[in-house]
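Position 1 is the first residue of the sequence, and the numbers go up from there.
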Amino acid sequence: MSKIVMRKSWADNEVDEIVEDRKASKEKMKTDSRENSSSRKRHKPNSYPDQKPRTQGRPLKVETDLLILQRRQKQIDYGKNTVGYHNYMQHVPFDQRTKEHPKTPDKYTKYSRRSWDTLIKMWRKELHKYDTTGNKECDELEDSDNDDENED
């Protein structure tokens, strides 16, 4: 009996190695993508009862620069020294204020210059609603106060 021996050339060996490498890299990519996709999933907050709940967002930083604090206080003082602010203080008692009412920005919270200026601008615009006594909200509050006085 004769034995037939097939010998591979060096080129065939190279091709086999490349094919094996490609298969290995494809399998690795599949496992990597599976690992990444599972790490992208967000866990529900109640799924880990032993962990402390995380606070939303970044912790607030406190402004410590005295010049910035003085400048902010000056802007707040300008806003509080308006007719609208005084009308607002008279017509809306502190315990009846809601989110819709103007709220003085916190000067101690760290904001960029642009963010702070925007907060002040929005606050001042809200205060302008109380500038005149012809304001609907002010008139409604005055009418309700007058009705209470007339009932007595």
Side-chain angles (χ1 to χ4, degrees), residues 13-152:
N13 287 337
E14 288 288 322
V15 170
D16 289 341
E17 287 177 12
I18 292 172
V19 169
E20 288 177 15
D21 286 345
R22 285 187 182 167
K23 286 181 184 177
S25 65
K26 281 185 181 179
E27 288 176 15
K28 186 175 186 296
M29 286 171 44
K30 285 181 184 177
T31 57
D32 286 347
S33 66
R34 284 187 207 127
E35 290 171 3
N36 290 339
S37 66
S38 64
S39 66
R40 286 185 208 142
K41 293 181 182 176
R42 295 184 181 247
H43 299 288
K44 294 181 181 176
N46 296 332
S47 64
Y48 299 111
D50 57 334
Q51 290 183 348
K52 295 179 182 177
R54 289 183 56 195
T55 57
Q56 294 293 333
R58 293 182 279 185
L60 294 177
K61 295 181 181 177
V62 179
E63 184 62 62
T64 56
D65 188 354
L66 291 177
L67 292 175
I68 292 174
L69 291 173
Q70 289 173 349
R71 183 176 63 235
R72 289 180 179 183
Q73 185 60 51
K74 186 175 182 181
Q75 290 176 313
I76 290 171
D77 290 342
Y78 279 134
K80 288 185 175 183
N81 194 21
T82 60
V83 174
Y85 187 79
H86 290 290
N87 288 340
Y88 170 66
M89 295 293 289
Q90 288 176 352
H91 294 294
V92 184
F94 190 75
D95 57 340
Q96 293 180 359
R97 296 181 189 171
T98 62
K99 286 185 176 181
E100 288 80 32
H101 290 110
K103 183 177 183 297
T104 307
D106 181 19
K107 70 176 181 178
Y108 293 106
T109 303
K110 189 93 160 171
Y111 294 109
S112 68
R113 177 79 180 254
R114 184 176 289 182
S115 296
W116 173 258
D117 289 343
T118 302
L119 284 173
I120 288 291
K121 185 177 182 180
M122 290 170 30
W123 176 61
R124 296 284 305 269
K125 280 187 176 184
E126 287 291 316
L127 290 177
H128 281 300
K129 292 179 182 177
Y130 296 91
D131 277 348
T132 61
T133 56
N135 188 352
K136 291 179 184 178
E137 245 180 81
C138 290
D139 288 344
E140 289 172 4
L141 289 171
E142 286 175 359
D143 290 342
S144 65
D145 290 343
N146 292 339
D147 291 341
D148 293 339
E149 291 173 2
N150 292 339
E151 290 176 3
D152 290 336

Arg113/Asp117 ion pair, N-O < 4.0 Å: yes
Leu119 CG to Lys107 NZ distance, which is reported to the nearest 0.5 Å: 15.0 Å
Exercise: identify the closest heavy-atom pair between Tyr88 and Arg97: OH-CD, 3.1 Å
Atom pair CD/CD of Glu100 and Glu126 - distance to nearest 0.5 Å: 9.5 Å
Asp106: partners by salt bridge (charged side-chain N to carboxylate O under 4.0 Å, His left out), with sequence neighbours left out: none
Which atom of Pro105 lies closest to which atom of Ile76, heavy atoms considered: O-CD1, 3.7 Å
Test side chain to side chain donor-acceptor pair (under 3.5 Å) applied to Ser112 - qualifying residues, sequence neighbours left out: Ser115
Closest contact, heavy atoms only, Thr109 versus Arg72: O-NH1, 2.8 Å
Value rounded to 0.5 Å, distance of OH in Tyr85 from CG in Asp77: 10.0 Å
N/O donor-acceptor pair under 3.5 Å between His101 side chain and Thr98 backbone: yes
Evaluation steps, side-chain contact (heavy atoms from CB on, under 4.5 Å), between Trp116 and Arg71: CA-CA 11 Å; Trp116 173 258; Arg71 183 176 63 235; 5.9 Å; no
Distance, nearest 0.5 Å, that separates CG of Leu60 from OH of Tyr111: 7.0 Å
For Trp123 against Pro102, the heavy-atom pair lying closest together: CD1-CB, 3.9 Å
Results of salt bridge (charged side-chain N to carboxylate O under 4.0 Å, His left out) for Lys110 - residues two or more places apart only: Glu63
Thr82 versus Tyr78, closest heavy-atom pair with distance: CG2-O, 3.4 Å
Asn87/Leu127 under side-chain contact (heavy atoms from CB on, under 4.5 Å): CA gap, chis, key distance, verdict: CA-CA 9 Å; Asn87 288 340; Leu127 290 177; over 6 Å; no
Sub-4.5 Å side-chain heavy-atom contact between Gln90 and Tyr130: no
4.5 Å side-chain heavy-atom contact, Lys121 and Thr118: no
